[in-house]
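Report on the structure given below.
Order of the sequence lines fixes the chain letters, A, B, ..., with proteins taken first and strands second; residue numbering starts at 1 for each chain.
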Protein chains: 2
Amino acid sequence: MSQSSQSQSSKSQPSKSQSTTLALENFLPYRLTRLTDAISRDFSQAYRARLGLTRPEWRTLATIGQFGTMTATEIGAHSSMHKTKVSRAVASLETRRWLVRTPDPQDRRVERLTLSKTGQKAYEDMVPVARSFETKLLDRMKPKERAALLEGLEALERTTLTE
Amino acid sequence: MSQSSQSQSSKSQPSKSQSTTLALENFLPYRLTRLTDAISRDFSQAYRARLGLTRPEWRTLATIGQFGTMTATEIGAHSSMHKTKVSRAVASLETRRWLVRTPDPQDRRVERLTLSKTGQKAYEDMVPVARSFETKLLDRMKPKERAALLEGLEALERTTLTE
DNA sequence: AGGAATTGGTTGCAATCGTAACCATGGCGA
DNA sequence: TCGCCATGGTTACGATTGCAACCAATTCCT
């Protein structure tokens with residue numbers, strides 16, 4: 001599925017003693033980035049091919065699609081994106097006419113962002129694609145493994161993310 | 001630990017029906033990238049602060065440190081990096097005099113890359129740091145969760161990575 | 001033996017990204 | 001009400017990235 005990462009050279013053996021050495025291929029941060037890069041690159045192909053979106057644009061679309069109307073700051077908070085990324089993604093979606101800005105009458109610094117009809121269509125087009133991508137990913141694992149992954153991820157998120 | 005990702009807006013509720021909507025925060029590719037970004041950013045701070053290395057440079061150092069002597073292509077294969085990344089990282093480590101290139105007498109396209117004494121020192125300096133980073137990460141989880149994470153990750157790697 | 005295709009590695013270029021600086025508005029205390 | 005800090009959002013800039021093109025050396029095929 002993923003051609004993005006090269007294959008491991010499975011034959012080469014360490015020439016240094018175990019204790020002085022770190023096995024990169026077993027190192028958790030490395031494993032996570034490698035896995036994540038491959039998966040998110042595969043998935044990004046889906047929305048890039050289908051909608052011509054970049055990743056920040058997809059996340060922005062997904063967030064507004066999920067909640068209906070949001071401010072740029074809220075989008076950033078919900079999709080873990082820096083505000084400059086959100087700003088540029090919003091600008092790009094706006095020129096595509098997939099979203100509309102309306103000034104907030106209460107606070108003129110704020111812009112309320114809403115999907116246009118076209119943007120909404122695009123979102124609704126992508127939801128089943130995303131769902132099936134995730135399903136395919138999980139369905140290749142045994143039920144026990146799948147459960148383990150979700151439990152483990154949740155635990156790691158709990159201890160790592162929310163301060 | 002990680003200030004890199006913003007906190008979730010835990011109060012906002014979806015304004016769309018469940019079925020038409022995708023909950024980004026539960027979407028596996030999103031969860032993985034968010035988690036991975038946070039972790040690898042935290043870890044990168046460690047080697048950036050200590051050694052002044054970028055991520056490709058750290059991976060290169062780690063790979064040569066692990067195997068002793070390698071070619072650029074082998075480094076890329078073992079650390080999942082594009083050859084241009086490896087090329088630039090090697091060049092940078094070379095100007096620091098942390099590694100040495102020696103031409104391969106058998107095949108003059110190839111360069112054999114070895115750590116200098118200084119580079120070796122730097123590597124040996126980082127190994128315990130990396131180990132303790134990983135340990136700290138895992139030690140905050142309950143044993144059962146830790147086991148689940150590792151089992152789940154392995155399974156996902158198995159079905160996703162190795163074609 | 002002698003091109004054609006492959007491999008190892010580097011470089012140019014355009015796109016993307018994060019940091020910091022910035023502008024405008026709003027909240028707040030004296 | 002005035003000044004000051006905080007907030008929402010955009011932009012300029014340098015650094016990093018991936019892709020494609022490239023050069024040199026090797027292997028393959030006939």
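The two atoms that bring B:Leu93 and B:Leu53 nearest to each other are CD2-CD2, 3.9 Å, heavy atoms only. A pairwise comparison of heavy atoms in B:Tyr30 and A:His78 identifies OH-O, 3.2 Å as the closest pair.
Contacts of A:Arg101 with the nucleic acid, taken as non-hydrogen atoms under 4.0 Å apart, involve only primed sugar atoms and P, OP1 or OP2. Counting non-hydrogen atoms under 4.0 angstrom, A:Thr73 reaches the backbone sugars and phosphates but no base.
Distances shown here put a side-chain N or O of B:Lys85 below 4.0 Å from the OP1 or OP2 atom of D:dG18. A:Arg108 has no side-chain polar atom (N or O) that falls below the 4.0 Å cut-off from OP1 or OP2 of C:dG27.
The side chain of A:Thr54 has C:dT16 as its nearest neighbour among C:dT16, C:dG18, D:dG9. With C:dA20, D:dG9, C:dG9 as the choices, the nucleotide that has an atom nearest any side-chain atom of A:Thr71 turns out to be D:dG9. Ranking C:dT10, C:dC13, D:dT26 by closeness to the B:Arg88 side chain, first place goes to C:dC13. For B:Val110, taking side-chain heavy atoms from C-beta onward, the closest of the listed nucleotides C:dG9, D:dT17, C:dC17 is C:dG9.
No donor-acceptor pair closer than 3.5 Å links the side chain of B:Thr114 to the backbone N or O of B:Thr69.
Atom pair A:Arg48:CZ and D:dC19:C1' shows a separation of 12 Å (rounding to whole Å applied). If you measure from atom NE2 of B:His82 to atom P of C:dT10, you get 12 Å, rounded to the nearest angstrom. Atom CZ in A:Arg41 sits about 11 Å away from atom C1' in D:dC19, given to the nearest Å. The interatomic distance linking B:Gln106 (CD) with D:dA25 (P) rounds to 16 Å, in whole Å. When the P atom of C:dG9 is taken as reference, atom CG of B:Leu99 falls 13 Å away, rounded to whole Å. In this structure, CD of B:Glu74 is placed 14 Å from C1' of C:dG9, rounded to the nearest angstrom. Rounded to whole Å, atom P of C:dT7 lies 18 Å from atom CD of B:Glu111. The interatomic distance linking B:Lys83 (NZ) with D:dA21 (P) rounds to 13 Å, in whole Å.
Under 4.0 Å is where a charged nitrogen must lie from a carboxylate oxygen, and between B:Arg34 and B:Glu25 no such pair does.
Both A:Arg109 and B:Val86 sit near DNA chain C, but only B:Val86 has its closest nucleotide nearer the 5' end. Comparing B:Pro56 and A:Ser87 by the nucleotide of DNA chain D whose heavy atom lies nearest to each, the residue mapping closer to the 5' end is A:Ser87.
The closest side-chain heavy-atom distance from B:Val90 to B:Arg101 is below 4.5 Å.
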